[in-house]
Amino acid sequence: MRVSFPNLATPPCSLILGYQYPSLQCPYSPVGMRLSHAIIFSRIVYDLTVPYEGKETVCAEGFGCIPLLVGLLSDADTFVKSQAAAALMSIAVITKGKYSELEAGALPSLVALMGDTESEVRLNSIKALTMLAETPEGKAELQSALPKLEELINETNEMVSKAARTAKKVITWKP
C-alpha cells in the first residue's frame with residue numbers, strides 16, 4: 001500500500017485537522033454525539049500509521065502531523081489524548097518516527113500523561129515512551145521518569161502495570 005498526498009503549501013495534516021466534518025457521528029455514543037476535529041484527526045492519523053508506508057508518510061518533511069499530535073496530548077478530551085499517544089506510539093516504531101517525535105518535544109507531554117486519571121491514556125503514553133526509550137537521547141531523558149514508572153508497576157490495571165515494567169526494562173537496559 002502506497003500512501004501519497006499532493007504537494008500542497010499547507011501541511012496535509014493541518015488540512016485534515018481544519019476540515020469540517022458536520023455529518024460524522026460518534027459510533028460510541030447512544031445520543032449521536034458529534035465528533036470534534038481533534039478526535040477525527042487523531043484517529044485518522046493512527047489508522048494511517050498502522051502500515052509501514054503510513055509511518056514513513058507522516059514523518060515526511062513538511063507533512064506536519066507529529067507536532068499536531070504532540071499538541072493534542074494536552075487536549076481536554078481523554079479520547080483525543082489516548083489516540084494521539086497511540087498514533088505517536090505507532091509512528092515511533094520506525095527510527096525516523098522516534099527522532100521526529102523527539103525533535104517535536106513529545107517526551108515531556110507523554111511523561112505527564114503517565115499521571116492521567118484514565119488508564120487508556122496512561123497505557124498509550126507508556127507504550128509511546130517505551131518506543132522513544134529505544135534511542136540514546138530518549139533513554140537518557142527518561143531516567144527521571146523511572147520513579148513514576150515504579151509507581152505504575154504496582155497499579156491495579158494489569159495492562160498499565162505490564163507496560164510500565166516493559167518501559168522500565170527498556171529505559172534501564174545497558175548494552
Side-chain angles (χ1 to χ4, degrees), residues 3 5 8 10-51 54-55 57-60 62-94 96-133 135 138 141-142 144-145 148-149 151-152 155 157 159-161 163-164 167:
V3 179
F5 291 90
L8 302 168
T10 305
C13 283
S14 295
L15 291 174
I16 293 169
L17 191 56
Y19 187 74
Q20 300 297 318
Y21 296 92
S23 63
L24 290 176
Q25 301 289 317
C26 180
Y28 309 109
S29 171
V31 295
M33 174 184 90
R34 295 231 181 259
L35 293 174
S36 75
H37 295 173
I39 290 172
I40 295 166
F41 172 75
S42 59
R43 186 61 204 200
I44 287 172
V45 174
Y46 175 74
D47 290 344
L48 176 66
T49 62
V50 171
K55 294 172 189 7
T57 298
V58 299
C59 291
F63 198 74
C65 279
I66 294 173
L68 290 173
L69 287 169
V70 171
L72 290 177
L73 293 173
S74 59
D75 195 272
D77 187 289
T78 298
F79 187 75
V80 171
K81 291 187 286 192
S82 175
Q83 290 301 299
L88 290 169
M89 171 190 57
S90 180
I91 295 165
V93 166
I94 64 171
K96 188 173 185 177
K98 289 175 179 61
Y99 283 99
S100 296
E101 290 176 23
L102 290 173
E103 288 173 22
L107 278 178
S109 296
L110 288 167
V111 168
L113 288 181
M114 289 194 307
D116 196 89
T117 58
E118 294 294 324
S119 61
E120 185 178 351
V121 174
R122 290 192 305 276
L123 177 65
N124 287 342
S125 66
I126 294 167
K127 287 181 173 184
L129 288 168
T130 302
M131 300 304 295
L132 296 177
T135 67
E141 233 179 292
L142 288 169
S144 62
K148 182 62 181 173
L149 283 171
E151 290 175 30
L152 293 171
E155 172 155 333
N157 182 308
M159 292 186 343
V160 171
S161 176

Heavy atoms, side chains only, cut-off 4.5 Å: are Met89 and Glu101 in contact? no

In chain order, what residues pass the side chain to side chain donor-acceptor pair (under 3.5 Å) check against Glu151, with sequence neighbours excluded? Lys148

Lys81 versus Leu72, closest heavy-atom pair with distance: CG-O, 3.8 Å

How far does NZ of Lys96 sit from CD1 of Ile91, to the nearest 0.5 angstrom? 12.0 Å

Side chain proximity check, Leu88 to Leu73, heavy atoms < 4.5 angstrom: yes

If we ignore hydrogens and angles and just use 3.5 Å, is the side chain of Arg122 paired with the main-chain N or O of Thr117 as donor and acceptor? yes

Which pair of non-hydrogen atoms, one from Val70 and one from Ala104, has the smallest distance, and what is that distance? CG1-O, 3.8 Å

Write down the atom of Ser119, the atom of Val160, and the distance for their closest heavy-atom approach. O-CG2, 3.6 Å

Could you tell me the separation between the CG atom of Asp75 and the CD atom of Gln83, rounded to the nearest 0.5 Å? 12.0 Å

Shortest non-hydrogen contact between Val111 and Leu142, atoms and distance: CG2-CD2, 3.7 Å

Can you tell if the side chain of Asp116 reaches within under 4.5 Å of the side chain of Ser125, non-hydrogen atoms only? no

Could you grab the distance from atom OG of Ser100 to atom CG of Leu69, nearest 0.5 Å is fine? 11.5 Å

For the side chain of Ser82 and the backbone of Thr78, is there at least one donor-acceptor N/O pair under 3.5 Å apart? no

If we ignore hydrogens and angles and just use 3.5 Å, is the side chain of Ser90 paired with the main-chain N or O of Ala86 as donor and acceptor? no

Would you say Lys98's side chain and Leu132's backbone share a donor-acceptor pair under 3.5 angstrom? no

Which heavy atom of Gly97 sits nearest to which heavy atom of Cys59, and what is that distance? CA-SG, 3.4 Å

Please report the closest heavy-atom contact between Ala85 and Ala128, naming both atoms and the distance. O-CB, 3.8 Å

Taking NZ in Lys55 as the centre, count heavy atoms belonging to other residues, nucleotides or ligands within less than 6.0 Å. Is the count above 12? yes

Non-neighbouring partners of Glu118 that pass salt bridge (charged side-chain N to carboxylate O under 4.0 Å, His left out), sequence neighbours left out: none

Are the side chain of Ser74 and the backbone N or O of Gly71 linked by a donor-acceptor pair below 3.5 Å? yes

Hey, what do you get for CD (Glu155) to CD1 (Ile126), rounding to the nearest 0.5 Å? 7.0 Å

